[in-house]
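Right, one structure below, let's go through it.
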There are 2 protein chains.
Amino acid sequence: MKERKVPDVVARRLPRYYRYLDDLLKKQIYRISSSELSRKMGVTASQIRQDFNFFGGFGQQGYGYNVEMLHKEIGAILGLYSGRKTIIVGAGYLGHALANHTNFKKRGFMLVGVFDNDKAKVGRKISDLTISDYDGIADFISENQPDIAILAVPRTAVKSVAENLISLGIKAIWNFSYTELDEQENVVIENVHLSDSLMMLSYKLNALDD
Amino acid sequence: MKERKVPDVVARRLPRYYRYLDDLLKKQIYRISSSELSRKMGVTASQIRQDFNFFGGFGQQGYGYNVEMLHKEIGAILGLYSGRKTIIVGAGYLGHALANHTNFKKRGFMLVGVFDNDKAKVGRKISDLTISDYDGIADFISENQPDIAILAVPRTAVKSVAENLISLGIKAIWNFSYTELDEQENVVIENVHLSDSLMMLSYKLNALDD
DNA sequence: TAGATTGTTAATCGATTAACAATC
DNA sequence: TAGATTGTTAATCGATTAACAATC
């Protein structure tokens, strides 16, 4: 039951633990030891125990970990299943892909709106929602109070859209544009750089021949 | 001019350096010191110099770094601009989004084919390519010898498609499905877990209120 | 109880930062 | 040359691993 600040490196491992626990539940495995899990995940049992103990003792000596309980605890730490209202801004291919991302609902996020400034798109269906005009987003936000905005807009629009959303009360931005948004007081920014990932793949591919 | 093995943590910083150098060139800045760059990027100058020196001395005492040269060197380390032939498997929204990803071409990857097993999609245009039938992929690969495959297929199909592609000679897989592909001898796998990123955002949002 | 496995402390390893001599 | 800034070594810091006592 530690109160030390959680190192970033530990926090960033949580989603992966969560996925593996998901998997175990799907396979109806309800109990696991740190050493079994370490074999599955390719990390050390020591690291697993250290990591979990940043958040308190989830295990039991002589027994191991209860998968359901651990899954629930880590889900809670990650803030899942709290029904965060989420909107998507930008209904291009990426916006569509993200709207249809099934894990989304499964993780307890509530998609409540999709917006685009292209009048031709407004009114069309995306997943089970209707695309709304970006012009009306201020009213929508003040009425529905969503927390999270997913930005799938062209890079030229990102900065101004982000500023607008933040001024309207959005608390977290998941940004898929190449343009990196800077950290801000009281707003969570998560920049996804798909091209970084592709460059790493390329790097590893290059290294393969050495 | 070191020959030490490059730590993973250093390699994973390269794409970010590359992006910042891109930016500098766009702003017509052709010379920069480690301390200026450190201010821009929010890292220490020491780290920047250490990182670059894993790959050899790119700078000049008393002067700093030549941005164009550094950009080119890091690009080469990342294996960019080598015209790697790339195919996309799965022409859903995500496949479309990735095909239209402009950075893609800009980084020197050549998109040479898009495949889907849905006959209704075959023949349609995506970016400047025509969607081909997945049934013909073996012939295509043996003829064109692409290196990289981007997998944007449903999770149920990932494992079998990946195995098939590898057996046909694909050297690298950029996998967007939830199902994680395991490392393999002589094949580069890069798993993109979008939901991990969303979970981290959620975690940080949760932590905001503490 | 005996066996198993955690929680936690201590040891090791590696990464980051600081400092400065080399040199453009 | 004098000033600036790198490349690199040494010091510090933090993360990972090992070990084991606590305990279910």
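This is a predicted model, so every value here is computed, not measured. Proteins come first, then strands; the chains are lettered A, B, ... in the order of their sequence lines, and each starts at number 1.
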Could you tell me how far apart [X] ([atom1]) and [N] ([atom2]) are, to the nearest whole angstrom?
| X | N | atom1 | atom2 | answer |
| --- | --- | --- | --- | --- |
| A:R31 | C:dT5 | CZ | P | 7 Å |
| A:F54 | D:dG14 | CZ | P | 12 Å |
| B:M69 | D:dT6 | CE | P | 13 Å |
| B:R12 | C:dA15 | CZ | P | 10 Å |
| B:N53 | C:dT23 | CG | C1' | 14 Å |
| B:N66 | D:dT6 | CG | C1' | 14 Å |
| A:E36 | C:dT5 | CD | P | 7 Å |
| B:I48 | D:dG7 | CD1 | P | 12 Å |

Would you please confirm or rule out a distance under 4.0 Å between OP1 or OP2 of [N] and any side-chain N or O of [X]?
| X | N | result |
| --- | --- | --- |
| A:T44 | D:dT17 | yes |
| B:S34 | D:dT6 | yes |
| B:R49 | D:dG7 | no |

Can [X] and [Y] be counted as an ion pair, charged N to O under 4.0 angstrom?
| X | Y | result |
| --- | --- | --- |
| A:D8 | A:R12 | yes |
| B:R16 | B:D51 | no |
| B:D23 | B:R19 | no |

Query raised in the report: Is there a donor and acceptor pair, one atom on the side chain of A:Q60 and one on the base of D:dT23, closer than 3.5 Å?
Result: no
Query raised in the report: Can a donor-acceptor pair under 3.5 Å be found between the side-chain atoms of A:Q50 and the base atoms of C:dT9?
Result: yes
Identity of whatever pairs with [N] - Watson-Crick or G-U, under 3.5 angstrom:
| N | value |
| --- | --- |
| D:dT8 | C:dA19 |
| D:dC24 | C:dG3 |
| D:dC13 | C:dG14 |

Select base, sugar-phosphate, or nothing to describe what [X] touches, counting heavy atoms under 4.0 Å on all strands.
| X | result |
| --- | --- |
| B:S33 | sugar-phosphate |
| B:R13 | sugar-phosphate |
| B:S46 | base |
| B:S35 | nothing |
| B:Y65 | sugar-phosphate |

Query raised in the report: Closer to the 5' end of DNA chain D via nearest nucleotide, is it A:G62 or A:V43?
Result: A:V43
Report summary line: Comparing A:Y63 with A:Q47, nearest DNA chain D nucleotide closer to 5' gives the residue A:Q47
Requested in this report: Mark yes when over 12 heavy atoms from residues, nucleotides or ligands other than B:K204 sit less than 6.0 Å from its NZ; otherwise mark no.
Outcome: yes
Query - Row check, A:Y178 ring normal vs B:K106 NZ/CZ: under 6.0 Å, within 45° - result: yes
Query raised in the report: Out of D:dA22, D:dT16, D:dT5, which has the shortest distance to the side chain of A:Q61?
Result: D:dA22
Report task. Check whether any side-chain heavy atom of A:P7 lies under 4.5 Å from a side-chain heavy atom of A:V10, and answer yes or no. Result -> yes
